[in-house]
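Throughout, protein chains are lettered first and strands after them, A, B, ... in sequence-line order, and every chain is numbered starting at 1. On a predicted model such as this, the values are computed, not experimentally measured, just so you know.
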Amino acid sequence: MRLSRLPLNTLKEVPADAEVVSHQLMLRAGLIRKLAAGLFTWMPLGLKVLRKVEAIVREEMDRAGAFELLMPAVQPAELWRESGRWDVYGDLLLRIRDRHDREFCFGPTHEEVITDIARRELKSYRQLPVSYYQIQTKFRDEIRPRFGVMRAREFLMKDAYSFHLDQASLEATYQRMAEAYARIFTRLGLRFRAVEADSGEIGGARSQEFHVLAESGEDAIAWCEHDDFAANVELAPALPPPGPRPAPTAELTRVATPGARSIDEVSELLGVPPSRCLKTLLVQASDGGCVALVLRGDHELNPLKAERLPQVAAPLALATAEQVQAATGCEPGFLGPVGLQLPLIADHAAAAGADFVCGANEVDAHYTGFNWGRDAPEPETADLRNIVAGDPSPLGGGPVSIARGIEVGHIFQLGDKYSRALQATVLDRDGREVPMIMGCYGIGVSRIVAAAIEQNHDEQGIIWPEPMCPLEVMLVVLNPKKSESVTAAAERLYEDLSRAGIEVLMDDRDARPGVKFADADLVGLPHRLTLGQRGLDAGVVEYRERRSGAEEQVPIDAVVDFIRQRLERTA
RNA sequence: CGGGGCAUGGCGCAGUCUGGUAGCGCAUCUGCUUUGGGAGCAGAGGGUCGGCGGUUCGAAUCCGUCUGCCCCGACCA
């Protein structure tokens with residue numbers, strides 16, 4: 001590919017509305033262009049990357065025994081009504097009508113369609129297990145598309161679905177998929193981690209997420225380096241502190257705390273660390289009233305854990321200021337367990353300490369020296385908080401660390417949720433009709449591209465992991481217009497490399513060297529060759545590795561072999 | 001959805017408060033010089049200021065309305 005022919009418009013300036021590096025670099029390097037919110041065109045170089053990711057995903061899915069098919073992007077509403085999701089999926093679902101006023105949606109996922117396929121095609125347990133997959137454009141009408149291709153509305157996804165007679169068979173395939181996923185992300189050259197996860201909207205039992213580790217990740221994941229524990233913070237259990245609760249040493253004392261509503265303000269005012277404070281949150285109860293949830297000041301409420309409590313309404317919602325006033329006679333900011341006439345659940349850690357600071361249920365007042373059992377009844381306790389760095393691993397291996405990750409894959413054991421709803425049954429050995437057991441397995445193909453850049457870039461631009469580089473070698477030709485011998489040598493080199501099956505992007509533009517070097521760094525091909533008059537006269541071209549910046553003079557006749565070796569070495 | 005902000009050449013922005021008929025940098029085109037890390041000089045093209053309506057002698061600037069885009073959003077109890 002010749003840069004003199006490819007209209008590649010790189011941007012020197014950072015586009016105003018791109019906040020994360022991957023988005024900025026993809027725009028600057030001309031990989032994508034935005035059409036509208038959450039909608040992007042993949043430009044030639046960007047598309048090459050996408051295709052390479054696809055190819056690896058495809059190979060590994062084939063190897064895992066799944067069969068590729070391609071389902072329609074547009075799906076009839078009836079199918080979604082059958083599964084019950086037409087009404088529950090909400091605004092994320094892009095609904096459309098055809099000329100006959102029939103309702104459709106642009107598929108955000110394909111459980112309904114594949115289950116419909118399965119119920120038509122699969123009749124006997126003898127056909128099971130079977131797995132299908134597709135690589136397809138999905139549309140989810142995200143509230144707030146952002147970060148470019150990372151959270152776009154239209155995106156490319158690989159989704160796979162497996163069908164089984166029983167749970168044991170599902171688990172075997174699930175395991176196989178988990179292994180395929182690990183191979184995919186390893187082959188792509190990404191640092192990633194598989195974590196236990198919440199199954200969310202899709203439903204079902206077990207699920208695992210695959211995260212590419214990156215500072216800008218939207219998810220927090222907890223993991224332990226001494227055992228196998230790794231889970232999304234949403235789901236990671238926070239163990240109760242060991243040992244007995246310390247004995248009270250302080251008397252319950254009311255102190256004036258004018259205007260100090262937040263833990264930080266109270267902690268600052270009284271000179272007490274947040275971990276010695278209690279925060280009392282009122283949330284909507286399942287019976288229509290309110291429930292008080294008590295956490296240590298330095299801990300955060302975990303909504304998923306709270307929601308799971310029978311007393312708490314799902315989805316979790318904080319009580320309104322009016323409800324707080326009605327239930328306590330007090331304003332938010334000064335609530336506490338003392339004399340509170342509401343059901344109360346304390347987080348294990350909040351229940352395990354002594355001599356706390358807490359709100360006095362009176363505006364501008366707190367208590368110090370609060371102790372459970374003495375100043376308020378012993379609370380019901382539960383795991384309510386997010387795990388934090390340093391907490392013990394639930395598997396007992398030691399303290400956990402918290403890392404940030406970008407979710408690029410998610411696998412679920414669905415069970416019979418969809419097969420039951422859509423009556424996708426097979427006959428078992430005994431001739432009985434039973435719903436199939438399903439698994440589903442997604443990979444965000446387009447998101448992987450952004451995630452890879454988040455993880456692999458520097459000040460100058462992108463540094464492609466070799467398995468997903470748009471092309472392998474950037475051949476920078478210096479001042480081609482000035483020297484016919486340079487042009488001729490470049491053409492020869494380009495031919496030789498191409499014939500050897502090496503993907504070359506030749507920068508034969510009539511541009512200044514500085515421009516070419518800057519673009520080469522920005523676009524980030526892993527290997528760069530520079531051919532100029534000076535080198536040519538000495539019979540060498542200059543090689544530079546994008547990632548390390550290491551340079552080497554290579555005799556011009558040895559270049560093809562040299563590059564071939566480089567590619568093999570990193571393959 | 002709630003709150004905030006922005007829409008001015010391809011991109012990034014100034015001009016708007018205090019109406020007088022649009023400007024800067026980058027990019028693009030031409031010429032000369034230059035040529036190993038985003039060149040210099042000279043010249044050129046390109047916008048009617050998101051749409052619609054209003055006020056006014058006159059609107060990018062004021063008013064209304066619509067549209068699009070961006071940012072933030074339980075963790076405060």
Side-chain angles (χ1 to χ4, degrees), chain A residues 7 9-19 23-24 27-28 30 33-39 90-91 143-148 233 257 259-266 274 277-284 290 292-307 315-321 323-325 327-328 330-337 340 342 347 357-361 363 366 384-386 388 460-461 476-483 486 509-522 528 530-536 541-542 544 549 551:
Chain A
N9 289 308
T10 56
L11 307 175
K12 219 184 290 187
E13 287 167 287
V14 179
D17 53 6
E19 21 171 5
H23 188 195
Q24 295 170 355
L27 253 11
R28 288 188 52 211
R33 291 291 180 240
K34 184 173 85 165
L35 176 65
L39 303 178
D91 291 335
I143 306 175
R144 191 143 82 83
R146 59 187 139 173
F147 306 149
V233 161
T257 52
R261 290 163 191 280
S262 70
I263 292 293
D264 285 347
E265 287 162 356
V266 172
C277 301
L278 291 181
K279 60 179 162 192
T280 305
L281 300 139
L282 294 199
V283 301
Q284 310 283 353
C290 292
L293 303 179
V294 180
L295 295 159
R296 234 169 61 183
D298 58 332
H299 287 152
E300 284 183 3
L301 179 64
N302 177 308
L304 286 175
K305 291 177 180 176
E307 237 168 64
L316 184 76
L318 285 180
T320 62
Q323 285 176 303
V324 172
Q325 191 71 43
T328 68
C330 176
E331 290 175 19
F334 303 99
L335 302 182
L340 196 63
L342 284 172
D347 178 66
V357 168
C358 66
N361 295 322
V363 172
H366 281 75
L384 290 178
R385 68 180 176 93
N386 282 337
V388 296
Q460 271 58 246
V476 177
V477 187
L478 261 21
N479 304 314
K481 264 201 158 170
K482 215 174 86 178
S483 160
V486 168
R509 292 175 299 179
D510 177 27
R512 298 173 63 83
V515 173
K516 297 187 176 193
F517 291 138
D519 278 347
D521 287 345
L522 178 59
R528 188 183 86 189
T530 306
L531 178 64
Q533 187 69 59
R534 216 153 70 195
L536 185 59
V541 300
E542 176 190 291
R544 181 184 171 103
E551 300 191 348

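Residue order along RNA chain B, read from the 5' end via each residue's closest nucleotide, puts A:N9 first among A:P332 and A:N9. Where A:T10 and A:E331 each meet RNA chain B at their nearest nucleotide, the meeting point lying more 5' is that of A:T10.
Between B:U21 and B:G36, the two C1' atoms lie 49 Å apart (nearest whole Å). On the P atoms, B:C49 is 14 Å away from B:G10, given to the nearest whole Å. Spacing between B:U34 and B:A7 at atom P, rounded to whole Å, works out to 44 Å. Atom C1' of B:G73 sits at a distance of 33 Å from the matching atom of B:G15, rounded to the whole Å. For B:C63 and B:A27, the C1' atoms lie 37 Å apart once the distance is rounded to whole Å. Nucleotides B:A39 and B:C26, compared at atom C1', are 14 Å apart to the nearest Å. A gap of 15 Å separates the P atoms of B:C69 and B:C11, to the nearest Å. Annotation: B:G4 and B:A44 have their P atoms spaced 47 Å apart (nearest Å).
Distance from the side chain of A:E300 is smallest to B:C75 among B:C75, B:G37, B:G38.
Between A:L11 atom CG and B:A27 atom C1' the separation is 9 Å, expressed in whole Å. Going from atom CZ of A:R261 over to atom P of B:C75 covers 13 Å, rounded to whole Å. Separating the CD atom of A:E307 from the P atom of B:C75 is a distance of 17 Å, rounded to the nearest angstrom. Look at CG on A:L522: it is 18 Å from P on B:G37, rounded to the nearest Å. Atom CZ in A:R509 sits roughly 12 Å away from atom P in B:A39 (whole-Å rounding). Counting to the nearest Å, the P atom of B:G37 and the CG atom of A:D519 are 15 Å from each other.
Listed for the A:R385 side chain is no donor-acceptor partner under 3.5 Å among the backbone atoms of A:N302. Judged purely by atom type and a 3.5 angstrom limit, A:N479 has no side-chain atom pairing as donor or acceptor with the backbone of A:K482.
The two residues A:V486 and A:G532 have their closest heavy-atom pair at CG2-C, 3.9 Å. Between A:L335 and A:E331 the shortest heavy-atom distance is CD2-O, 3.9 Å. The heavy-atom pair separating A:P332 from A:R261 by the smallest distance is O-NH1, 3.2 Å. The two residues A:V324 and A:C330 come nearest to each other via the heavy atoms CG1-O, 3.5 Å.
Qualifying side chain to side chain contact (heavy atoms under 4.5 Å, CB included) partners for A:A37, counting only residues two or more places apart in sequence or in other chains: A:P145, A:R153. Residues satisfying the ring-ring contact (aromatic ring centres under 6.0 Å, His included) test with A:H299, not counting sequence neighbours, are none. Residues passing the side chain to side chain contact (heavy atoms under 4.5 Å, CB included) test with A:E300 are A:N386, sequence neighbours excluded. Partners of A:T257 according to the side chain to side chain donor-acceptor pair (under 3.5 Å) rule, which considers only residues two or more places apart in sequence or in another chain, are A:H366. Scored by the side chain to side chain donor-acceptor pair (under 3.5 Å) test, A:E551 finds A:R544 as partners (sequence neighbours excluded). Annotation: salt bridge (Lys or Arg N to Asp or Glu O under 4.0 Å) contacts of A:K481 (sequence neighbours excluded): A:D510. In this structure, the side chain to side chain contact (heavy atoms under 4.5 Å, CB included) partners of A:P303, at least two apart in sequence or on a different chain, are A:L316. Partners of A:A511 under the side chain to side chain contact (heavy atoms under 4.5 Å, CB included) rule, at least two apart in sequence or in another chain, are A:R509, A:V515, A:K516.
Remark: B:C26 base-pairs with B:G10; criterion is Watson-Crick or G-U wobble with both hydrogen-bond distances under 3.5 Å. Pairing partner, B:G53: B:C63, with both Watson-Crick or wobble hydrogen-bond distances short of 3.5 Å. B:U18: no Watson-Crick or G-U partner with both key distances under 3.5 Å is found in any strand. Applying the Watson-Crick and G-U wobble criteria (two distances, each under 3.5 Å), B:C41 pairs with B:G31. Using N1 to N3 plus N6-O4 or O6-N4 for Watson-Crick, or N1-O2 and O6-N3 for G-U wobble, each under 3.5 Å, B:C1 pairs with B:G73. Partner assigned to B:U48 is none, using Watson-Crick or G-U wobble distances below 3.5 angstrom.
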Protein-nucleotides 29-36 of chain B N/O pairs closer than 3.5 Å?
residue	atom	partner	partner atom	Å
B:U34	O2	A:R512	NH1	2.5
B:U35	O2'	A:N479	OD1	3.1
B:U35	O2'	A:N479	ND2	2.4
B:U35	O2	A:N479	OD1	2.6
B:G36	N2	A:E542	OE1	2.2
B:G36	N2	A:E542	OE2	3.1

Report each atom pair, protein N/O against N/O of nucleotides 22-26 of chain B, whose distance is under 3.5 angstrom.
residue	atom	partner	partner atom	Å
B:G25	N2	A:E13	OE1	3.0

Between the protein and nucleotides 68-72 of chain B, which nitrogen or oxygen pairs are less than 3.5 angstrom apart?
residue	atom	partner	partner atom	Å
B:C69	OP1	A:A37	N	3.4
B:C69	O3'	A:K34	NZ	3.4
B:C71	OP1	A:E19	OE2	2.6
B:C72	OP2	A:R144	NH1	2.3
B:C72	OP2	A:R144	NH2	2.7

Heavy-atom protein contacts under 4.0 Å, nucleotides 3-8 of chain B, coded B base, S sugar-phosphate only, - none: ------
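Residue-level contact check: A:A319 touches the bases, meaning some heavy atom is under 4.0 Å from a base atom. Among the protein residues, A:L295 comes within range of no part of the nucleic acid, since none of its heavy atoms lies under 4.0 Å from any strand. Heavy atoms of A:D521 sit under 4.0 angstrom from at least one base atom. Within the 4.0 angstrom heavy-atom criterion, no nucleotide atom of any strand lies near A:R385. Residue A:S262 is classed as a sugar-phosphate contact, given heavy-atom separations below 4.0 Å to backbone atoms only.
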From CA spacing to verdict: side-chain contact (heavy atoms from CB on, under 4.5 Å), A:T328, A:F334: CA-CA 10 Å; A:T328 68; A:F334 303 99; over 6 Å; no
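Between A:E13 and A:R28 there is no salt bridge, since none of the side-chain N atoms of the basic residue sits less than 4.0 Å from a carboxylate O of the acidic one.
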